[in-house]
K.L.:
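Got a structure here, written out as structure tokens. Questions coming.
Quick note on labels: first sequence line is chain A, next is B, and so on, each numbered from 1.
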Number of protein chains: 2
Amino acid sequence: MQRLQQIIRDIPDFPKNGIIFKDITTLLADAEAYQRVIDLMGHRYIGQRIDVVVGIEARGFIMGSALAYKLNTGVVLVRKAGKLPHDTLRETYALEYGTDTLEIHRDAVKQGQRVLIADDILATGGTVEAVIRMIRRLQGTIVECAFLAELKELEGRRRITDVPVFSLLTL
Amino acid sequence: MQRLQQIIRDIPDFPKNGIIFKDITTLLADAEAYQRVIDLMGHRYIGQRIDVVVGIEARGFIMGSALAYKLNTGVVLVRKAGKLPHDTLRETYALEYGTDTLEIHRDAVKQGQRVLIADDILATGGTVEAVIRMIRRLQGTIVECAFLAELKELEGRRRITDVPVFSLLTL
């Protein structure tokens with residue numbers, strides 16, 4: 001785990017002054033590290049019934065699609081507003097300044113399906129909270145929310161009280 | 001292949017009147033179809049040396065990351081302008097109205113690395129052409145551009161003359 005953590009690159013002052021951005025692209029591009037991440041995250045769910053993995057745009061697509069492949073499921077996309085072409089359900093959530101809206105196709109998760117939600121980084125937790133609300137509106141059962149890493153200082157985990165949360169790394 | 005093709009959903013008049021949008025989310029969400037797509041695309045490259053798979057934002061991340069996992073490589077992200085935090089190289093390409101810009105980290109592909117470029121749909125080919133130029137500027141060797149499907153009418157394949165192009169499905 002320590003090696004995985006070390007491959008993540010710190011970018012000072014991105015996207016703005018005073019923020020140290022955790023750049024996971026260096027980890028994703030490293031074959032050994034990337035394989036290890038998907039294997040470790042995937043192994044956690046082997047033997048559990050997962051019907052579908054939900055990936056959150058855009059970097060959650062990476063975790064979501066590779067995990068879905070490993071777990072022999074399909075992958076469902078949660079996208080920014082306006083990108084999904086069929087009948088959607090929306091959830092809006094607060095950002096530091098303003099709000100953002102996510103969408104999912106209404107027929108993408110069926111009642112009773114067991115869903116794994118996947119994203120790269122758990123920060124404040126606002127995004128994944130919106131996704132949890134979506135899956136509940138579609139009457140899916142959330143098995144867990146799985147992240148490559150969580151930013152401990154931001155305490156996103158505290159916000160998600162009634163769904164299990166897993167992160168492979170803690171930054 | 002016919003079954004795979006049939007699972008892709010036609011959405012009339014999206015994103016605008018007169019266009020029939022090919023919605024692949026129905027295929028991605030279907031476990032059997034999704035597994036089959038990644039297996040078929042991946043098997044094509046087994047036994048070839050691929051050092052890294054490049055996925056193009058956003059739906060190319062899905063093909064790219066699952067293929068990278070299958071092929072035991074890492075995945076490199078080509079993103080819309082402003083999203084990548086480190087030193088990048090840019091390419092701008094023409095859209096129907098206006099232009100768009102993509103970026104890649106300068107250190108993401110090393111000289112001589114063998115690169116597979118992955119995306120979901122080959123339409124006019126403008127996007128992938130820009131990505132090809134990027135990989136060349138980084139002195140990577142492009143093994144192939146792999147798509148889930150190509151839209152035959154738009155003749156994107158004709159535009160990409162000096163790099164092999166593969167698409168699993170033709171729509």
Side-chain angles (χ1 to χ4, degrees), chain A residues 9-15 19-35 37-39 42 50-55 57-77 79-80 82-87 104-105 107-110 113, chain B residues 9-15 19-35 37-39 42 50-55 57-77 79-80 82-87 104-105 107-110 113:
Chain A
R9 174 162 63 182
D10 282 350
I11 311 276
D13 301 323
F14 184 91
I19 292 186
I20 298 176
F21 185 83
K22 297 292 178 181
D23 177 16
I24 65 162
T25 65
T26 38
L27 185 155
L28 300 175
D30 181 309
E32 202 187 313
Y34 177 62
Q35 298 291 321
V37 159
I38 303 303
D39 282 340
I50 307 277
D51 294 312
V52 75
V53 179
V54 168
E57 180 161 10
R59 284 172 311 189
F61 288 179
I62 296 164
M63 297 298 129
S65 56
L67 281 174
Y69 182 67
K70 185 169 182 72
L71 297 172
N72 282 302
T73 71
V75 56
V76 163
L77 313 187
R79 300 208 65 175
K80 319 267 187 207
K83 303 279 191 78
L84 287 173
H86 204 250
D87 188 21
I104 192 169
H105 278 148
D107 60 3
V109 171
K110 275 100 193 158
Q113 276 195 317
Chain B
R9 173 163 63 182
D10 282 349
I11 311 276
D13 301 321
F14 185 89
I19 291 185
I20 298 174
F21 185 83
K22 295 292 177 180
D23 178 16
I24 65 162
T25 64
T26 37
L27 186 155
L28 299 175
D30 180 308
E32 201 188 314
Y34 178 63
Q35 298 292 320
V37 158
I38 303 303
D39 282 340
I50 307 277
D51 293 314
V52 75
V53 178
V54 168
E57 185 160 8
R59 284 171 311 186
F61 287 180
I62 296 162
M63 297 297 129
S65 56
L67 281 174
Y69 182 68
K70 182 164 184 76
L71 297 171
N72 282 301
T73 70
V75 57
V76 163
L77 312 187
R79 300 207 64 176
K80 318 267 187 207
K83 302 278 191 80
L84 288 172
H86 204 250
D87 189 21
I104 192 170
H105 277 146
D107 60 2
V109 172
K110 275 99 192 161
Q113 276 194 320

K.L.:
Are B/His105 and A/Asp23 packed together at the side-chain level, in the sense that at least one heavy-atom pair is separated by less than 4.5 angstrom?
P.N.:
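Yes, at least one pair of side-chain atoms sits under 4.5 Å.
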K.L.:
Return yes if some donor-acceptor pair links the side-chain N/O of A/Gln35 with the main-chain N/O of B/Thr73 below 3.5 Å, else return no.
P.N.:
yes
K.L.:
Measure distances from B/Asp107 to the heavy atoms of chain A and classify the residue's part below 4.5 Å as side chain, backbone, both or neither.
P.N.:
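B/Asp107 touches chain A through side-chain heavy atoms alone.
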K.L.:
Under 4.5 Å from any heavy atom of chain A, what part of B/Phe61 do you find: side chain, backbone, both or neither?
P.N.:
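Both the backbone and the side chain of B/Phe61 come within 4.5 Å of chain A.
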K.L.:
Identify which part of B/Ile11 has an atom lying under 4.5 Å from any heavy atom of chain A, answering side chain, backbone, both or neither.
P.N.:
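Side chain only.
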K.L.:
Return each pair, listed once, that meets salt bridge (charged side-chain N to carboxylate O under 4.0 Å, His left out) where at least one residue sits in residues 58-77 of chain B; pairs must be two or more places apart or across chains.
P.N.:
B/Asp39-B/Lys70, B/Arg59-B/Asp120
K.L.:
Heavy-atom distances under 4.5 Å only: say whether B/Ala33 touches chain A with side chain, backbone, both or neither.
P.N.:
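Neither part.
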K.L.:
Which atoms of B/Leu84 are under 4.5 Å from chain A, going by heavy atoms: the side chain, the backbone, both sets, or neither?
P.N.:
both
K.L.:
Which atoms of A/Asn72 come close to chain B, meaning under 4.5 Å heavy atom to heavy atom: side chain ones, backbone ones, both, or neither?
P.N.:
both
K.L.:
Taking atom CD1 of B/Ile19 as the centre, report whether more than 12 heavy atoms of other residues, nucleotides or ligands fall under 6.0 Å from it.
P.N.:
yes
K.L.:
Tell me, for A/Ile62 versus chain B, whether the close heavy atoms (under 4.5 Å) come from the side chain, the backbone, both or neither.
P.N.:
both
K.L.:
Do you know which two heavy atoms are closest between B/Ser65 and A/Ser65, and how far apart they sit?
P.N.:
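Where B/Ser65 meets A/Ser65 most closely, the heavy atoms are OG-OG, 2.6 Å.
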K.L.:
Can you tell me which of B/Pro85, B/Ala108, B/Ala31 forms the most heavy-atom pairs within a distance under 4.5 Å of chain A?
P.N.:
B/Pro85
K.L.:
Can you tell me which portion of A/Phe14 sits under 4.5 Å from chain B's heavy atoms? Options are side chain, backbone, both or neither.
P.N.:
side chain
K.L.:
Please classify the contact of A/His86 with chain B as side chain, backbone, both or neither, using a heavy-atom distance under 4.5 Å.
P.N.:
both
K.L.:
Does any backbone or side-chain atom of B/Tyr34 lie under 4.5 Å from a heavy atom of chain A? Answer side chain, backbone, both or neither.
P.N.:
side chain
K.L.:
Against chain A, work out which of B/Leu77, B/Val54, B/Leu71 has the most heavy-atom pairs shorter than 4.5 Å and name it.
P.N.:
B/Leu77
K.L.:
Between A/Thr25 and B/Arg79, does a side-chain contact (heavy atoms from CB on, under 4.5 Å) hold up when you go through it step by step?
P.N.:
CA-CA 11 Å; A/Thr25 65; B/Arg79 300 207 64 176; 6.0 Å; no
